[in-house]
Chemist: 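One structure, pasted below without further comment.
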Amino acid sequence: MRFLSFAYRFVTNFTFLATVYLSLNYIEKYNNRAILAIAILAYAGMRAASALRSFYFFQRIERLEIESRRVIALVTQGGATSPIKTKTVADVTLLRRDGEIKSYIDLFFLAAVVLLCVAKIVSD
């Protein structure tokens, strides 16, 4: 399921990039193409801000992981071992890493969209 989620994120972002490319190449008039490119840039900017904000969220989750590992280590020194807690922390770590990878995929395609839009605005 992890790899399917990465593939889904890749396919949806690639579809967005292809749609932007085709729509910008289909429009003949420069003014209309520039307006569409600026609108797409605004949308890409909002999505990029959201992706960058998620990195702050992932950083906070990482701090919680470190603290929970420390607490679990203190509890296990007392003799009470809970495999459920360690499994939960491992699952959260895996989900956080997957979320970071998905955010990187998003940012890569958004950068490609920004480059494409800027190239269409600058060129005739």
Chemist: Just how far is it from atom CD1 of Ile105 to atom OG1 of Thr12, taken to the nearest 0.5 Å?
Modeler: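 Interatomic distance, Ile105 CD1 to Thr12 OG1, rounded to 0.5 Å: 9.0 Å.
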
Chemist: When you look at Glu100 and Arg96, which way does the salt bridge (Lys or Arg N to Asp or Glu O under 4.0 Å) test go after all the steps?
Modeler: CA-CA 6 Å; Glu100 287 176 346; Arg96 178 186 54 82; 3.2 Å; yes

Chemist: Check for me whether the distance between the ring centres of Tyr43 and Phe16 falls short of 6.0 Å.
Modeler: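 They qualify: ring centres under 6.0 Å apart.
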
Chemist: Once rounded to the nearest 0.5 Å, what's the spacing between atom CD1 of Ile40 and atom OG of Ser23?
Modeler: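 Going from the CD1 atom of Ile40 to the OG atom of Ser23 covers 4.5 Å.
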
Chemist: Might you point out which heavy atoms bring Tyr30 and Ser123 nearest each other, and give the distance in Å?
Modeler: CE1-O, 3.4 Å

Chemist: Can you confirm whether Asp98 sits close enough to Ser5 that some side-chain heavy atom of one is under 4.5 Å from a side-chain heavy atom of the other?
Modeler: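 Answer no - side chains too far apart.
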
Chemist: Please determine whether side-chain contact (heavy atoms from CB on, under 4.5 Å) holds for the pair Tyr21 and Asn25, giving the CA-CA distance in whole Å, both sets of side-chain angles, and the decisive distance to 0.1 Å.
Modeler: CA-CA 6 Å; Tyr21 178 77; Asn25 281 334; 2.8 Å; yes

Chemist: Would you mind reporting whether Thr15 and Thr19 have side-chain heavy atoms less than 4.5 Å apart?
Modeler: yes

Chemist: Looking at side-chain heavy atoms only, is the closest gap between Arg70 and Ile66 below 4.5 Å?
Modeler: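 Result no, sub-4.5 Å side-chain heavy-atom pair not found.
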
Chemist: Can you tell me how far apart CG (Asn13) and CG (Leu17) are? Round to the nearest 0.5 Å.
Modeler: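 So the CG of Asn13 and the CG of Leu17 are separated by 8.5 Å.
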
Chemist: Rounded to the nearest 0.5 Å, what separation is found between the CD1 atom of Ile101 and the CZ atom of Phe58?
Modeler: 10.0 Å

Chemist: Look at the rings of Tyr104 and Phe55 and say which category their plane angle falls in: under 30° parallel, 30 to 60° tilted, over 60° perpendicular.
Modeler: tilted

Chemist: Following the transitive rule for hydrophobic clusters with a side-chain heavy-atom cut-off under 4.5 Å over Ile, Leu, Val, Met, Phe, Trp and Tyr, establish whether Ile27 and Leu24 coincide in one cluster.
Modeler: yes

Chemist: Work out which heavy atom in Arg2 is nearest to a heavy atom in Leu94; give both atom names and the distance.
Modeler: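 It is CZ-CD1, 3.6 Å.
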
Chemist: Could you report the tightest heavy-atom contact between Ala44 and Val114, atom names first, then the distance?
Modeler: CB-CG2, 4.2 Å

Chemist: Assess the side chains of Arg69 and Thr93: does a donor N or O sit below 3.5 Å from an acceptor N or O?
Modeler: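 Yes, side-chain donor-acceptor contact under 3.5 Å.
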
Chemist: Do Leu107 and Leu52 have side-chain heavy atoms sitting under 4.5 Å apart?
Modeler: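 Yes, close enough: below the 4.5 Å cut-off.
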
Chemist: Would Leu22 end up clustered with Leu36 when hydrophobic side chains under 4.5 Å apart are linked, directly or stepwise?
Modeler: yes

Chemist: Closest approach of Arg33 and Lys120, non-hydrogen atoms and distance?
Modeler: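 Taking Arg33 first and Lys120 second, the nearest heavy atoms are NE-O, 3.8 Å.
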
Chemist: Would Leu41 and Leu116 show up in the same hydrophobic cluster when neighbours are defined by side-chain heavy atoms closer than 4.5 Å?
Modeler: no

Chemist: Among Tyr8, Phe6, Phe10, whose side-chain contact (heavy atoms from CB on, under 4.5 Å) with Lys102 holds?
Modeler: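 Filter result, single survivor: Phe6.
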
Chemist: Any chance you could measure Arg47, atom CZ, to Ser50, atom OG, to the nearest 0.5 Å?
Modeler: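 Taking CZ in Arg47 and OG in Ser50, the distance rounds to 8.5 Å.
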
Chemist: Report whether Val71 and Val92 are members of the same hydrophobic cluster (ILVMFWY, side-chain heavy atoms less than 4.5 Å apart, transitive linking).
Modeler: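 Looking at the clustering, Val92 is in a separate group from Val71.
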
Chemist: May I ask whether Ile38 and Met46 are part of the same hydrophobic cluster, defined by side-chain heavy atoms of I, L, V, M, F, W, Y residues being less than 4.5 angstrom apart, directly or through others?
Modeler: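 No.
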
